[in-house]
2 protein chains.
Amino acid sequence: MNETRPVTRIQQKNRATILDAALDVFSQRGFGGATVDQIAATAGLSKPNLLYYFPTKEAIYEALLGGLLDTWLDPLRAMKSSGEPLPEILAYVQRKLEMSRDFPRESRLFANEIIQGAPLIENELSGALRDLVDEKAEIINQWADEGRIARVNPHHLFFSIWSLTQHYADFDVQVRAVLGEGVDDPFPEAQVYLTTLFTRMLTPS
Amino acid sequence: MNETRPVTRIQQKNRATILDAALDVFSQRGFGGATVDQIAATAGLSKPNLLYYFPTKEAIYEALLGGLLDTWLDPLRAMKSSGEPLPEILAYVQRKLEMSRDFPRESRLFANEIIQGAPLIENELSGALRDLVDEKAEIINQWADEGRIARVNPHHLFFSIWSLTQHYADFDVQVRAVLGEGVDDPFPEAQVYLTTLFTRMLTPS
DNA sequence: TATCTTTTTGACCATCTGGTCAAAGCGACG
DNA sequence: CGTCGCTTTGACCAGATGGTCAAAAAGATA
């Protein structure tokens, strides 16, 4: 008993296809608004076939969200107290902005989950996330103690980095509507703006 | 024909009750994830009774979203070129933050709509919203020309005000999870932080 | 009180939704 | 080739969902 069957190439491919399709659908309609049929159609599979790889709609959603928070926080983990304060922070901002540009669906999936009260990841938020943020907040405070950056509330500093960068993924439609036809890629402008913002706010007077 | 029936007191009360219940449900589950039964139950009405006041689920959603963008932009309209630049901008930030505190459901409803591609209000975004923002952007640029604030990209300045303030409504769960038990109201801290941020960024060097 | 309009409801319906199942198709391997 | 296990599918199901309708209840008005 408990025999582990090998994972075939077909399984690998189909699981990946399904998750990609589900990311499309969930990130656009939220969990409740998405249907298994939509995901199956997007993935190019029949519904029973899809349910052969994932037992339920929830299972697909959980599989997607599972690793997401971790991936999402990698850039923050990379912020080292040994580096120069301002460049470290600006590098974090830039990596986060790049993630918004390159993985907008993941950002929207995450936003949807949180807006709806984070029923699935609340534990991780007040666990792993909180611990990591507390740890990095220490570093920010230390840098301020040493006079290497201006003092700010470190937790709210992180909130501002998250909201400012993710805004360009989650509210993409609005950003483009307001900027109009003249701007086809808002991200270069955004990068300049955010660099200016954090530089001015954090440069010691 | 085309006789207009008067709006009774019962109609006023029930319509309001329904819209309030719908705001609860839509803001938490998104349009697709919400059901008419949930709204009816929240409003304390039977489903046919609810559908006596609004013909369809869509109609309720549209009624809610209808005036929302306008209300949402009132604080921006109040920003006057005749005032002192920095206080005008800080007042806008503060009013927007107050709206996040006092009307989080409206903020989430709006966020949901935009994340899902703004199918219902895209026209207003690239119409009324864009016009208003362009007009106010002029004022920002003028103030920068006169050396009364530091120069920034005005459109992205507005994006940053929106994202930073709305974050405290839309991502409330995350904010509270990260801040932990010690903080029961994040808004005072947020106000201090945002004031610092915009003051440092915009004060001419 | 009688009449007329507005409001409320139980019963109902077609469609959609998440999910099941038995059987058929298919590929690897001896 | 034949067998065995993995993959795919059409048909199906129970419950949820958006919405309808005729009739009953409740106001308003006189």
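First the proteins, then the strands, lettered A, B, ... as listed; each starts at 1. Because the structure is predicted, anything quoted here is derived from the model rather than measured.
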Tell me: [atom1] of [X] to [atom2] of [N], nearest whole Å?
X       : N      : atom1 : atom2 : answer
B:Ile60 : D:dG18 : CD1   : C1'   : 11 Å
A:Glu58 : C:dT17 : CD    : P     : 15 Å
A:Tyr61 : C:dG19 : OH    : P     : 15 Å
B:Lys57 : C:dT15 : NZ    : C1'   : 14 Å
B:Phe54 : D:dG18 : CZ    : P     : 16 Å
A:Asp37 : C:dT15 : CG    : P     : 16 Å

Legend entry - Short side-chain N/O contact from A:Gln11 to OP1 or OP2 of D:dC6, under 4.0 Å: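 False: A:Gln11 side-chain N/O out of range (4.0 Å or more) of D:dC6 OP1/OP2.
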Legend entry - Phosphate contact (C:dT7 OP1 or OP2) by B:Thr8 side-chain N/O below 4.0 Å: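 For C:dT7, OP1/OP2 do have a side-chain N/O of B:Thr8 under 4.0 Å.
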Inset, instruction - Report which part of the nucleic acid A:Ala34 touches: base, sugar-phosphate, or nothing (heavy-atom distance under 4.0 Å, all strands). - result: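 Counting heavy atoms under 4.0 Å across all strands, the contact made by A:Ala34 is with sugar-phosphate only.
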Inset, instruction - Give a yes or no on whether A:Phe103 atom CZ has more than 12 heavy-atom contacts from other residues, nucleotides or ligands under 6.0 Å away. - result: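 Counting neighbours around CZ of A:Phe103, 12 or fewer heavy atoms of other residues, nucleotides or ligands fall under 6.0 Å, so no.
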Inset, instruction - Could you say whether B:Gln38 or B:Leu51 is positioned toward the 5' end of DNA chain D, judged by the nucleotide with the nearest heavy atom to each? - result: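 In this pair, the answer is B:Gln38.
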Pairs touching [range] that satisfy side-chain hydrogen bond (donor to acceptor under 3.5 Å, both in side chains), sequence neighbours left out:
range                       : answer
residues 193-202 of chain A : A:Tyr193-B:Ser160
residues 45-71 of chain B   : B:Asn14-B:Tyr53, B:Tyr61-B:Glu113, B:Asp70-B:Arg77
residues 171-182 of chain A : A:Asp172-A:Arg176

Inset, instruction - Check A:Ala63 against A:Phe54 and note the closest heavy-atom contact, atom names and distance. - result: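 Closest pair (atom of A:Ala63, atom of A:Phe54, distance): CB-CE2, 3.9 Å.
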Distance-only donor-acceptor hits, side chain of residues 23-35 of chain A, under 3.5 Å, sequence neighbours excluded:
residue, atom, partner, partner atom, Å
A:Asp24, OD1, A:Arg105, NH1, 2.5
A:Ser27, OG, A:Leu23, O, 2.6
A:Ser27, OG, A:Asp24, O, 3.1
A:Thr35, OG1, A:Gln38, N, 3.0

Legend entry - Nearest listed nucleotide, side chain of A:Thr35, among C:dG19, C:dT17, D:dG19: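 Comparing C:dG19, C:dT17, D:dG19 against the side chain of A:Thr35, the answer is C:dT17.
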Inset, instruction - Using a 4.0 Å cut-off on protein heavy atoms (strictly under), produce a 5'-to-3' string for nucleotides 8-14 of chain D with B for base contact, S for backbone-only sugar-phosphate contact, and - for none. - result: BBBB---
Legend entry - salt bridge (Lys or Arg N to Asp or Glu O under 4.0 Å) partners of A:Glu98, counting only residues at least two apart: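 Partners of A:Glu98 by the salt bridge (Lys or Arg N to Asp or Glu O under 4.0 Å) criterion come out as none, since no residue qualifies.
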Legend entry - Neighbours of DNA chain D within residues 18-27 of chain B, by heavy-atom distance under 4.0 Å: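 Contacts with DNA chain D under 4.0 Å: none.
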Inset, instruction - Please name all residues satisfying side-chain hydrogen bond (donor to acceptor under 3.5 Å, both in side chains) with A:Thr165, sequence neighbours left out, ordered by chain then number. - result: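 Result, side-chain hydrogen bond (donor to acceptor under 3.5 Å, both in side chains) vs A:Thr165: none returned.
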For residues 149-159 of chain A, which side-chain N or O atoms pair as donor and acceptor with protein atoms under 3.5 Å away, sequence neighbours left out?
residue, atom, partner, partner atom, Å
A:Arg151, NH2, A:Asp145, OD1, 2.6
A:Asn153, OD1, A:His155, N, 3.1
A:Asn153, OD1, A:His156, N, 3.2
A:His155, NE2, A:Asp134, OD1, 2.9
A:His156, ND1, B:Tyr168, OH, 2.6
A:His156, NE2, B:Glu189, OE1, 2.6

